[in-house]
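Down below is the structure, laid out as structure tokens.
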Amino acid sequence: MNIAGFYDESISNGLGWRAVLFVSGCPHHCQGCHNAVAQDYGYGKKFNKEEIINRIMDNSILKGVTISGGEPLCKENIAEVLDFIKEVKQKRPNFNIWCYTGYTLEQLEERNDEVTNDCLNKIDVLVDGRFVESKKDPTLKFRGSSNQRIIDVHKSLQEHNITQLAI
């Protein structure tokens, strides 16, 4: 997996101080994508998990990690994303994990495969749905278009009903 970038600190990619990992590669190709360069699976540099984990662990102000893209949950990236999340959670169990995806939670659940299910169980907040340029709304927090949802993943999976966060 390649990464398009990494922010050591951000307050605009989820609640609280967070590290942000941008993976490369996306099958969606949404018109008006804010990170279109990251749609290319070959863009950026090879993901060095140990380096990124060390940078995260060395930063005491962080409350969580956000994974964005590109598309973190596509078949080409999801296994390495899951491995990364597992290691972050092992080292910092209280860290909050946010993930941005062009897939809906329902589409991810329909996959019903071990890697996707395991990944969903380790993500706390999922910002789901493709960016839709005609629904672009710069007043929205943590999302680009009004069709996208900010989902409490654990509660949604437990109750078998989408629970959106009121942000």
Side-chain angles (χ1 to χ4, degrees), residues 1-28 34-35 37-39 41-105 107-109 111-129 141-144 148-158 162-165 167:
M1 177 174 81
N2 278 8
I3 62 168
F6 177 75
Y7 294 164
D8 288 287
E9 298 173 0
S10 172
I11 57 169
S12 59
N13 293 281
L15 292 173
W17 284 102
R18 332 186 52 74
V20 185
L21 178 69
F22 295 93
V23 303
S24 294
C26 181
H28 305 303
H34 81 283
N35 202 7
V37 68
Q39 292 176 5
Y41 290 91
Y43 178 77
K45 65 179 186 176
K46 196 75 182 148
F47 177 48
N48 183 330
K49 182 179 74 171
E50 289 74 28
E51 174 195 339
I52 299 295
I53 295 280
N54 287 338
R55 288 169 66 178
I56 291 168
M57 295 307 130
D58 287 344
N59 192 332
S60 63
I61 71 165
L62 296 177
K63 302 298 180 207
V65 175
T66 296
I67 305 161
S68 190
E71 176 55 70
L73 303 182
C74 65
K75 65 181 179 181
E76 294 85 356
N77 293 333
I78 193 167
E80 282 191 78
V81 167
L82 174 59
D83 186 52
F84 171 71
I85 293 171
K86 283 180 175 180
E87 189 161 336
V88 167
K89 287 282 201 177
Q90 177 187 6
K91 292 179 184 274
R92 293 262 180 100
N94 294 329
F95 255 33
N96 181 269
I97 305 293
W98 280 50
C99 184
Y100 283 79
T101 180
Y103 299 106
T104 64
L105 179 58
Q107 289 171 324
L108 294 167
E109 287 183 295
R111 286 184 189 172
N112 197 27
D113 66 81
E114 187 177 332
V115 174
T116 303
N117 294 342
D118 198 10
C119 203
L120 288 174
N121 283 311
K122 289 177 178 33
I123 294 170
D124 299 293
V125 176
L126 189 72
V127 182
D128 82 337
K141 290 183 179 179
F142 307 123
R143 54 199 171 121
Q148 295 171 313
R149 305 174 294 185
I150 303 173
I151 298 172
D152 178 328
V153 178
H154 300 295
K155 190 170 185 182
S156 296
L157 294 177
Q158 191 173 46
I162 301 295
T163 302
Q164 294 188 63
L165 297 178
I167 295 177

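Just so it is clear, the structure is predicted and the values come from calculations on it, not from any experiment. Hydrogens, waters and symmetry mates are skipped; everything else that's a heavy atom, side chains included, is used.
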(request) Evaluate side chain to side chain donor-acceptor pair (under 3.5 Å) for Asn117 paired with Asn112, printing each intermediate quantity in order. (result) CA-CA 6 Å; Asn117 294 342; Asn112 197 27; 3.2 Å; yes
(request) Might you work through the side chain to side chain donor-acceptor pair (under 3.5 Å) test for Asp152 and Gln164, ending with a clear yes or no? (result) CA-CA 6 Å; Asp152 178 328; Gln164 294 188 63; over 6 Å; no
(message) For a side chain to side chain contact (heavy atoms under 4.5 Å, CB included) check, start with the C-alpha distance between Ile167 and Leu15, then their side-chain angles and the critical distance, and finish with the verdict.
(response) CA-CA 9 Å; Ile167 295 177; Leu15 292 173; 4.0 Å; yes
(request) Show your reasoning for whether side chain to side chain contact (heavy atoms under 4.5 Å, CB included) applies to Val23 and Glu71. (result) CA-CA 7 Å; Val23 303; Glu71 176 55 70; 5.8 Å; no
(request) May I have the step-by-step check of side chain to side chain contact (heavy atoms under 4.5 Å, CB included) for Leu126 and Tyr100, ending in yes or no? (result) CA-CA 6 Å; Leu126 189 72; Tyr100 283 79; over 6 Å; no
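Each of Val81, Val127, Ile67, Leu108 was checked for a side-chain contact (heavy atoms from CB on, under 4.5 Å) with Thr101, and the lone residue meeting it is Leu108.
Distance check: Ser156 OG to Ile162 CD1 gives 5.0 Å after rounding to the nearest 0.5 Å. Note: Leu82 CG to Thr116 OG1 = 9.0 Å, rounded to the nearest 0.5 Å. Going from atom CZ of Arg111 over to atom CG of Leu120 covers 8.5 Å, rounded to the nearest 0.5 Å. Here the straight-line distance linking atom CD1 of Ile56 with atom NZ of Lys91 works out to 10.5 Å at 0.5 Å rounding.
A salt bridge between Glu87 and Lys49 is present, with a side-chain N of the basic residue lying under 4.0 Å from a carboxylate O of the acidic one. Between Lys89 and Asp124 there is a salt bridge, since a side-chain N of the basic residue sits under 4.0 Å from a carboxylate O of the acidic one.
Between Lys122 and Asp118 the shortest heavy-atom distance is NZ-OD1, 2.7 Å. Between Gly69 and Ala38 the shortest heavy-atom distance is C-CB, 4.0 Å. What you find for Phe6 and Ala19 is that their closest heavy atoms are CZ-CB, 3.8 Å. Here the closest heavy-atom approach between residue Tyr103 and residue Pro27 is recorded as OH-CG, 3.5 Å.
Using a 4.5 Å heavy-atom cutoff, the side chains of Phe95 and Lys63 are not in contact. Contact annotation: the side chain of Glu109 approaches that of Leu157 to within less than 4.5 Å [non-hydrogen atoms, C-beta and beyond]. A heavy-atom distance below 4.5 Å is not found between the side chains of His154 and Ile123. In this structure, Phe22 and Ile3 have side chains that are not in contact, with every pair of non-hydrogen atoms separated by 4.5 Å or more. In this structure, Phe142 and Val125 have side chains that are not in contact, with every pair of non-hydrogen atoms separated by 4.5 Å or more. Using a 4.5 Å heavy-atom threshold, the side chains of Ile151 and Leu165 count as separate. Proximity of Val153 to Asn121: side-chain heavy atoms (C-beta onward) are nowhere separated by under 4.5 Å. Contact of the Trp17 side chain with the Asn59 side chain is not registered, since no non-hydrogen atoms from C-beta on lie closer than 4.5 Å.
Side-chain N or O atoms of Thr66 include one that pairs as donor or acceptor with a backbone N or O of Asn13 at under 3.5 Å. Proximity of a side-chain donor or acceptor of Asn2 to a complementary backbone N or O of Ser24 within less than 3.5 Å is not detected. The backbone N or O of Ala79 sits nowhere less than 3.5 Å from a side-chain atom of Asp83 that would complete a donor-acceptor pair. Between the side chain of Asn77 and the backbone N or O of Met1 there is no donor-acceptor pair closer than 3.5 Å. Side-chain atoms of Tyr43 do not come within 3.5 Å of backbone N or O of Gly70 as any donor-acceptor pair. For the pair Arg143 (side chain) and Gln148 (backbone), a donor-acceptor distance under 3.5 Å is present.
Counting heavy atoms of neighbouring residues, nucleotides and ligands inside a 6.0 Å radius, atom CD1 of Ile11 does not exceed 12 of them. Around atom CD of Glu114, no more than 12 heavy atoms belonging to other residues, nucleotides or ligands sit under 6.0 Å away. Residue Gln158 places its CD atom among 12 or fewer non-hydrogen atoms of other residues, nucleotides or ligands, all under 6.0 Å distant.
Note that Arg18 lies outside the cation-pi zone of Tyr7, set by a 6.0 Å cut-off to the ring centre and a 45° limit from the axis.
The ring-ring contact (aromatic ring centres under 6.0 Å, His included) analysis of residues 55-88, with sequence neighbours excluded, yields the pairs Phe47-Phe84.
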